Amino acid sequence: MQFDEATLAQNRASSPIDSTWLSANAGSGKTKVLTDRVARLLLRGVEPQRILCLTYTKAAASEMQNRLFKLLGEWAMLPETELRTALSRIDETPSGGLAEARRLFARAIEAPGGLKIQTIHSFCASLLRRFPLEAGLSPAFSEMDDRSARALRAEVLDDLAVGPERGALDSLAAVFTGADLDALLMELCGKAQAFDGPFPQADLLDALDLPEGFDEGALLADVFLGSEFALFDQILPYLQAGSVTDAKNAEKLRAIAQGAPDLDALEALEGLFLTGAGAKEPFTAKIGSVPTKATQKAIGALIDPLNQLMARVEQARARRLAFACYQRSAALHHFARAFLPAYARAKAARGWLDFDDLIARAGQLLTDPSVAQWVLFKLDGGVDHILVDEAQDTSPGQWQVIEQLAQEF
């Protein structure tokens, strides 16, 4: 038979003898390739229970299983000529002849434990249920659904708000700018391991290119030398007497001068003295254009210290943004160290594991030196082939589980 290039490419990708990473556009037949690969493995005599298919969602697992059973069911009923044609389309010949191809549907149905087409979370849950004591879990643990997890996060947050660690929540609230706090909590729970250990202050400052010990005082000292607010008082009359733009800038400057030389004042000065994001040279000092030319002449010698201030505001902007990131990160770490242990205790008290726990506990089980080899030995007779759907969305923790399962391959 003659095949087009797309079919030939799909057959190459579904070849059971190669380790393959498949990248293709939506609707181009990736699920078909996975289904064909499983079918070709079965045609070569591989036991159905020795094939592990990991999908990203339950819907994807159901879709793949339905497609496979539909394909095998059709083979069981096709006349000889049509069955040979169908097998040739996937470039495979059954090891036991056409009769073996017809028996695959029954073999798949009757396989001990059934075909292993499931989500990575479902697989990890089954692994933990098989080895609960080795994983340090109660055999009666239960899996949390999204609704239960959301309700428990809200409950823990409410307890935190009225407890002794209320300050951690206040610190987060001071810098949180999102609309959905639970989305942040869910993300936080998914990255709980990143908050183990002490707050990485030195590493964070280094990553943000800030010197050791840098703080708000150091930032403000780089900009405010002590005479700026007196300078504002001197130039305000000239700005008010200038153009319409100068007069508007005078109102902004007066509002700044009524406060204190703090971070709010610094950010306000950026809005007044620096170009905007859409400018040809964004966030640069407006030296020569603020104030207007006529007002600059009227100000006289005061223009030099004003231009110097603008230059300092420009130079400090990058450090202000970096320090703001540091403050938000510090608040997040402070909150995480209060919230995550409380959330873990609440789950443990109920015997619950969420999706992230399933992955983390399975990864720990398969890497724990005291039990990992025993667990892998018991699993070694169970899985010979692993297929991963939507692999680009598989997280590092999930890959750790897969890599441990595949290390003997």
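Quick note: numbers below take in every heavy atom, side chains included, and nothing from hydrogens, waters or symmetry partners. Keep in mind it's a predicted model, so treat the numbers as computed, not measured.
Counting only heavy atoms from C-beta outward, the side chains of Val388 and Ile386 approach each other to under 4.5 Å. No side-chain heavy atom of Thr119 sits under 4.5 Å from any side-chain heavy atom of Leu54. When side chains are defined from C-beta on, Phe273 counts as touching Leu306, because their heavy atoms get closer than 4.5 Å. Looking at heavy atoms from C-beta onward, Leu127 lies in side-chain contact with Leu366 at the 4.5 angstrom threshold. Side-chain atoms of Ile51 and Asp384, non-hydrogen and from C-beta on, never get closer than 4.5 Å to each other. Between Trp352 and Leu152, some side-chain heavy-atom pair lies under the 4.5 Å cut-off. Using a 4.5 Å heavy-atom cutoff, the side chains of Leu87 and Leu83 are in contact. With a 4.5 Å cut-off on side-chain heavy atoms, Arg37 and Leu387 count as touching.
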Please tabulate, for the side chains in residues 274-291, all donor-acceptor contacts under 3.5 angstrom to protein atoms that are two or more places apart in sequence or on a different chain.
{"unit_1": "Thr275", "atom_1": "OG1", "unit_2": "Glu281", "atom_2": "O", "d": "2.7"}
{"unit_1": "Thr275", "atom_1": "OG1", "unit_2": "Phe283", "atom_2": "N", "d": "2.8"}
{"unit_1": "Thr275", "atom_1": "OG1", "unit_2": "Thr284", "atom_2": "N", "d": "3.0"}
{"unit_1": "Thr275", "atom_1": "OG1", "unit_2": "Thr284", "atom_2": "OG1", "d": "3.4"}
{"unit_1": "Thr284", "atom_1": "OG1", "unit_2": "Glu281", "atom_2": "O", "d": "2.9"}
{"unit_1": "Ser289", "atom_1": "OG", "unit_2": "Lys286", "atom_2": "O", "d": "3.1"}

Check: residues 212-223 side-chain donor-acceptor pairs under 3.5 Å, at least two apart:
{"unit_1": "Asp215", "atom_1": "OD1", "unit_2": "Gly217", "atom_2": "N", "d": "3.2"}
{"unit_1": "Asp215", "atom_1": "OD1", "unit_2": "Ala218", "atom_2": "N", "d": "2.9"}
{"unit_1": "Asp222", "atom_1": "OD2", "unit_2": "Arg319", "atom_2": "NH2", "d": "3.2"}

Chi angles and distances behind the salt bridge (charged side-chain N to carboxylate O under 4.0 Å, His left out) call for Arg44, Glu92: CA-CA 9 Å; Arg44 293 188 176 216; Glu92 198 65 39; 2.7 Å; yes

Working for side-chain contact (heavy atoms from CB on, under 4.5 Å), residues Cys189 and Tyr343: CA-CA 9 Å; Cys189 293; Tyr343 183 61; 3.5 Å; yes

Evaluation steps, salt bridge (charged side-chain N to carboxylate O under 4.0 Å, His left out), between Asp146 and Arg150: CA-CA 6 Å; Asp146 291 337; Arg150 189 182 306 110; 5.6 Å; no

side-chain contact (heavy atoms from CB on, under 4.5 Å) between Asp368 and Val375, intermediate numbers included: CA-CA 10 Å; Asp368 184 346; Val375 172; over 6 Å; no

Evaluation steps, side-chain contact (heavy atoms from CB on, under 4.5 Å), between Phe355 and Ile359: CA-CA 7 Å; Phe355 285 167; Ile359 300 299; over 6 Å; no

Chi angles and distances behind the salt bridge (charged side-chain N to carboxylate O under 4.0 Å, His left out) call for Glu5, Arg12: CA-CA 10 Å; Glu5 184 57 34; Arg12 287 196 299 272; 3.3 Å; yes

Worked verdict on Phe232 versus Leu309 for side-chain contact (heavy atoms from CB on, under 4.5 Å): CA-CA 11 Å; Phe232 297 160; Leu309 172 61; 3.6 Å; yes

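Looking at every heavy atom in both residues, Phe69 comes nearest to Ala108 through CE2-CB, 3.7 Å. The shortest non-hydrogen separation linking Gly73 to Phe105 is N-CD1, 3.5 Å. In plain terms, the two heavy atoms of Ala135 and Leu365 that are nearest each other are N-CD1, 3.8 Å.
A donor-acceptor pair is defined here as one N or O able to donate and one able to accept, closer than 3.5 Å; such a pair exists between the side chain of Asn11 and the backbone of Arg89.
With salt bridges taken as basic N to acidic carboxylate O contacts below 4.0 Å, one links Glu143 and Arg129. Ion pair Arg40/Asp36 not flagged as a salt bridge, since none of the NZ, NE, NH1 or NH2 atoms sits closer than 4.0 Å to an Asp/Glu carboxylate oxygen. A salt bridge does not link Glu134 with Lys378: every distance from a Lys NZ or Arg NE/NH1/NH2 to an Asp or Glu carboxylate oxygen is 4.0 Å or more. Note on Glu100 versus Arg107: salt bridge recorded, some NZ/NE/NH1/NH2 to OD/OE distance being below 4.0 Å. A salt bridge links Glu251 to Arg254: at least one charged side-chain nitrogen sits closer than 4.0 Å to a carboxylate oxygen. A salt bridge links Arg320 with Glu270; the closest basic N to acidic carboxylate O contact falls under 4.0 Å.
Within 6.0 Å of CH2 in Trp374 there are 12 or fewer heavy atoms belonging to other residues, nucleotides or ligands. Summarising the local packing, CD of Gln193 is surrounded by 12 or fewer heavy atoms from other residues, nucleotides or ligands at distances under 6.0 Å. The environment of Asp209 atom CG is sparse: at most 12 non-hydrogen atoms of other residues, nucleotides or ligands sit within 6.0 angstrom. A 6.0 Å sphere centred on CD of Glu187 holds no more than 12 heavy atoms belonging to other residues, nucleotides or ligands. When the shell of 6.0 Å around OH of Tyr56 is examined, it contains 12 or fewer heavy atoms from other residues, nucleotides or ligands.
To the nearest 0.5 angstrom, Trp399 atom CH2 is 5.0 Å from Thr394 atom OG1. Here the straight-line distance linking atom CD1 of Ile117 with atom CG of Leu52 works out to 10.0 Å at 0.5 Å rounding. Here the straight-line distance linking atom CD1 of Ile120 with atom OG1 of Thr57 works out to 13.5 Å at 0.5 Å rounding. Expressed to the nearest 0.5 Å, how far OG of Ser23 lies from CD of Gln392 amounts to 8.0 Å. For the atom pair OG1 (Thr292) and CG (Asp246), the distance works out to 3.5 Å, reported to the nearest 0.5 Å. We find the OG1-CZ distance between Thr31 and Arg67 to be 5.0 Å, quoted to the nearest 0.5 Å.
For residues 223-239, the side chain to side chain donor-acceptor pair (under 3.5 Å) pairs, not counting sequence neighbours, are Glu228-Arg312. Contacts classified as side chain to side chain donor-acceptor pair (under 3.5 Å) and involving residues 329-339 (residues at least two apart or in different chains) are given here: His333-Arg337.
Using a 3.5 Å distance cut-off with no hydrogens or angles, the side chains of Thr20 and Asp18 do not pair a donor with an acceptor. In this structure, a donor-acceptor pair under 3.5 Å is absent between the side chains of Gln400 and Gln398. Ser28 and Asn25 form no side-chain donor-acceptor contact under 3.5 Å, judged by distance and modelled atom types alone. Counted by atom type alone, Ser88 and Thr85 present zero donor-acceptor pairs between their side chains at under 3.5 Å.
Scanning for side-chain hydrogen bond (donor to acceptor under 3.5 Å, both in side chains) contacts around Asp182 gives Arg153, with sequence neighbours left out. Residues meeting the salt bridge (charged side-chain N to carboxylate O under 4.0 Å, His left out) test with Asp264, sequence neighbours left out: none.
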